[in-house]
**Q** 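So that we are looking at the same thing, I have put the structure below in structure tokens.
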Amino acid sequence: MTVGKEWTEQSIQLIIDGLKHKPGAMLPILHAIQNEIGYIPEKAVAQIAESLLQTRAEVHGVISFYHHFRTTPPGKHTIEICRAEACQAVGCRSLEAHAKQSLGIDYHQTTANRQFSLEPVYCLGNCATGPSIRIDDDIHGRVSLERFDELVASHQQDMKEVG
Amino acid sequence: MSQRIYIPCDTTALSLGADQLAEAIQQEITQRGLDATIVRNGSRGMLWLEPLVEVDTAQGRVGYGAVSAQQVSELFDAGMLEGNQQHESCIGLVEDHPFLKKQQRLTFARSGITDPVSIEDYIALDGFNGLKNAIAMQPQNIVDEVKTSGLRGRGGAAFPTGIKWQTVLDTPSEQKYIVCNADEGDSGTFADRLVMECDPLMLIEGMTIAGLAVHATQGYIYLRSEYPVAHKLLNEAIERAYKAGYLGEDILGSGKRFDLEVRLGAGAYICGEETSLLDSLEGKRGLVRAKPPLPAIVGLFGQPTVVNNVLSFAAVPYIMDKGGQSYADYGMGRSRGTLPLQLAGNVKQGGLVELAFGISLRELMEDFGGGTLTGKPLKAVQVGGPLGAYLPASQWDTPVDYEEFAAVGAVLGHGGVVMFDETVDMGEQARFSMEFCKVESCGKCTPCRIGSTRGVEVIDRIRNGENANANWVLLEDLCETMVDGSLCAMGGMTPFPVQSVMKYFPEELSASR
Ligand SMILES: Cc1cc2nc3c(=O)[nH]c(=O)nc-3n(C[C@H](O)[C@H](O)[C@H](O)COP(=O)(O)O)c2cc1C
Ligand code: SF4
Ligand code: FES
Ligand code: FES
């Protein structure tokens, strides 16, 4: 995910036009936009609605149904913590509490320095080696509290700019 | 010949540092000026040993388990490339490992042996034999072969696959679809993921055969967005299959067409339910549709559609290669063939265990799983995902079989086995079941949408000791209402784990009763 990338009405339209011919193009378009800029801006909703001949309310309805889509910019890195049963069995509840406390945010929030957003996730398919978390597109297993801190620290440092 | 070193590339291996390990090994090879090549293979499914490094030797492939990048230099010094078995991380010949040796791998026969996206590797181990047979057969004969196999859908409902295909074959239409349900939302399951990451060409082959069997020319794999590694590998495998003529307008020169595309879900558990999945594929909110009509008759974009789980399609190449009867020869009762089980949660040796139906849950957890990870006594086991019951010790001798599980009020579902040690608070687990339903309900019907919200509240009151007896009765009624009045199994089965806690662990839900 390229977070914080510049976007214009034209660049979004380009994405939409490249996919709108597909049957059931809505989700592919939403994914492509979120992949490119990190979220679905309000302006894009209007463009999607127009291009797919739907109402804005319909597009909003789809976006709000799915946990994955967001309408506000995320932090530079998104940390997802698995809350599901197999990870519960190996201590994800204390990992969740630790993460919220050490980042100083709750789920669906972003740190003040905009470095991290925190999200819950229900299973990453890494259930034999939990607790599991995902940071951007990388999944990490056997995440102890110490390992979590290390991972956060290594993602704090890489301040290199994107976009 | 250059020495080959295998390092898996599946999610679990990567989550435990496989890429960093591969980098360190490559560096070591270069520094020492050795003639060795790294192959990124799939996983063997012995997930507690990841990253599991294997080296070719005259006797076979020798494995080194749970290797970290820091250990590489030391392992090279200890003669890893010669297959020296002295080092403590050495597990000996991989294929002789009891965890693998005791399995009956039909679907996972190639997993971990091959480079997942190599067509050459795939063909060398029986790949595309089933497709070649299917091309030469009449659609009805393909469907008959699948019926003979006794294969029942591996997504949860265990409906006979051959009968579903027959319905689609018998429903005339210009356009039909093959849809693979790769939403794998159940906690404790990862067999679909392993197929897609370790042997994706098998899924492609299975879906193509389904297309030939029912006259469908377009396939979609609906993949959950939580699986970025599977997404990448599937797309790579599909691209290669197109280039080599296994997909497209003229499959292997037969004049028959089959196109395949991966579509991503977006983090909604309910989209694993097949009608919700179809709405999602059509670009809508994933609301559950009332049945009938069956998707086999009115499915994707209103057309006849086969919807099957990844493992159901993945069983088909074997069936079409070796014959339906040789698949049916495994199993017990009406559960034929093998089931890829997944050991997860608080387990010492977690991973994938493919076995003929019939083994007891206890044998599975002890002989394969080796007990709990913490070493503390096992207390409860949730089988079949978040909608499955928690089984207490008295039920661990139940054989793995759809009907036997149903008889004790449990489900096998997609084969996930999540183990909990004695530190688990079963009251909290019951609460989570309701909470999960509240978060993931599609919202279409009241018993599920409102019932789950009330369920959380009532359980909180019981756990706080507020009117525990009256609220206990309320919870019983609520569970019954959800079971009887919900449109789909989300609301209809969420009470199962709750009721199992009420029945077998009542004192943990309510100390004050
Ligand atoms: C709430 C809910 C979630 C489901 N999730 C999945 C899933 O993630 N994967 C799956 O294959 N089937 C899932 N199913 C079952 C499907 O509805 C359907 O039975 C299955 O895709 C049919 O394929 P099969 O016959 O090969 O099992 C789910 C069902 C329900 C009610
Ligand atoms: S039971 Fe729940 S998930 Fe199923 S249709 Fe009703 S509201 Fe939707
Ligand atoms: S339950 Fe956490 S990864 Fe599956
Ligand atoms: S997602 Fe529709 S009710 Fe929660």
Side-chain angles (χ1 to χ4, degrees), chain A residues 1 19-20 22-32 34-35 48 52 54 58-70 80 82-93 119-134 136-143 147, chain B residues 11-12 14-16 47-48 50 184-190 192-193 224-230 261 263-269 271 280-287 300-301 342-347 350-352 373-374 382 385-386 416 418-421 424 428-429 432 436 439-440 442:
Chain A
M1 203 195 317
L19 293 167
K20 70 177 182 198
K22 281 182 182 275
M26 177 75 82
L27 264 68
I29 288 173
L30 293 174
H31 273 297
Q34 183 156 313
N35 239 356
I48 297 167
L52 296 184
Q54 297 195 11
E58 281 171 311
V59 180
H60 270 297
V62 174
I63 293 173
S64 65
F65 183 84
Y66 297 96
H67 301 301
H68 177 78
F69 295 128
R70 54 184 304 148
E80 293 179 327
C82 177
R83 297 194 65 212
E85 290 90 338
C87 285
Q88 292 164 9
V90 286
C92 79
R93 287 193 177 97
E119 298 290 334
V121 67
Y122 296 92
C123 193
L124 293 161
N126 201 36
C127 330
T129 53
S132 304
I133 70 171
R134 175 174 175 177
D136 305 329
D137 266 350
D138 294 326
I139 289 158
H140 303 271
R142 295 267 188 251
V143 181
R147 181 81 188 119
Chain B
T11 294
T12 295
L14 295 176
S15 84
L16 299 169
L47 298 178
W48 80 99
E50 295 297 355
E184 195 162 63
D186 290 357
S187 165
T189 66
F190 42 77
D192 293 350
R193 173 180 71 71
R224 64 200 304 254
S225 57
E226 290 85 347
Y227 282 1
V229 180
E261 188 184 328
R263 287 289 177 90
L264 277 188
Y269 179 77
C271 289
S280 181
L281 262 181
E282 290 177 7
K284 306 176 198 153
R285 299 161 68 89
L287 295 185
L300 185 62
F301 304 114
Q342 299 120 86
L343 285 170
N346 198 326
V347 57
L352 185 113
L373 177 69
T374 48
Q382 188 177 33
V418 180
M419 293 160 58
F420 293 81
D421 77 8
V424 65
E428 192 160 21
Q429 297 310 117
F432 178 79
F436 183 69
V439 175
E440 298 295 341
C442 87

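Side-chain atoms are counted along with the backbone in the values below, which use heavy atoms only and exclude waters and symmetry mates. Predicted, not measured: the structure shown is a model, and the values here were computed from it. Chain naming here is simple, since letters A, B, ... match the order of the sequence lines and numbering starts at 1 in each.
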**Q** Main chain of Leu124(A), side chain of Ser132(A): is a donor-acceptor contact present, judged purely on distance under 3.5 Å?
**A** no
**Q** Less than 4.5 Å to any heavy atom of chain A: does that hold for the side chain of Glu428(B), its backbone, both, or neither?
**A** both
**Q** Does any heavy atom of chain A fall under 4.5 Å from the side chain of Leu373(B), the backbone, both, or neither of them?
**A** side chain
**Q** Working note: Leu47(B) + Leu343(B), criterion side-chain contact (heavy atoms from CB on, under 4.5 Å); need CA distance, chi angles, decisive distance, verdict.
**A** CA-CA 9 Å; Leu47(B) 298 178; Leu343(B) 285 170; over 6 Å; no
**Q** With a 4.5 angstrom heavy-atom cut-off, is it the side chain or the backbone of Glu282(B) that approaches chain A, or both, or neither?
**A** backbone
**Q** Please look at Ser280(B) and chain A and tell me whether the side chain, the backbone, both or neither of the residue comes under 4.5 angstrom of a heavy atom of that chain.
**A** both
**Q** Heavy-atom pairs under 4.5 Å with chain A are the metric here; pick the option from Tyr269(B), Trp48(B), Tyr227(B) that has the most.
**A** Tyr227(B)
**Q** If you count heavy-atom pairs under 4.5 Å with chain A, which of Ala266(B), Gly416(B), Gly351(B) comes out on top?
**A** Ala266(B)
**Q** Could you have a look at His31(A), His140(A), Met26(A) and say which one has the most heavy-atom pairs with chain B under 4.5 angstrom?
**A** His31(A)
**Q** Answer with side chain, backbone, both or neither: which region of Leu264(B) has an atom nearer than 4.5 Å to a non-hydrogen atom of chain A?
**A** both
**Q** Ignoring hydrogens and angles, tell me if any N or O in the side chain of Gln342(B) forms a donor-acceptor pair with the backbone of Phe190(B) under 3.5 Å.
**A** yes
**Q** Picking from Ala25(A), Cys123(A), Cys82(A), Pro131(A), which has the most non-hydrogen pairs under 4.5 angstrom with chain B?
**A** Cys123(A)
**Q** What residue in Gly185(B), Ala230(B), Gly265(B) has the most heavy-atom pairs under 4.5 Å with chain A?
**A** Gly265(B)
**Q** Taking only residues two or more places apart in sequence or in another chain, which ones pass side chain to side chain donor-acceptor pair (under 3.5 Å) with Arg147(A)?
**A** Glu150(A)
**Q** If you tally heavy-atom pairs under 4.5 Å against chain A, which of Gly385(B), Ala344(B), Gly350(B) wins?
**A** Ala344(B)
**Q** What part of Ser225(B) lies closer than 4.5 angstrom to a heavy atom of chain A: side chain, backbone, both or neither?
**A** both
**Q** Return yes if a side-chain donor-acceptor contact under 3.5 Å exists between Arg193(B) and Thr12(B), otherwise no.
**A** yes
**Q** I need the residue from Ala268(B), Gly286(B), Cys271(B) with the largest number of non-hydrogen atom pairs under 4.5 Å to chain A.
**A** Gly286(B)
**Q** With only heavy atoms counted, which part of Asp192(B) is less than 4.5 Å from chain A, the side chain, the backbone, both or neither?
**A** neither
**Q** Verify the distance criterion only: is there a donor paired with an acceptor across the side chains of Gln88(A) and Arg83(A) at less than 3.5 Å?
**A** no
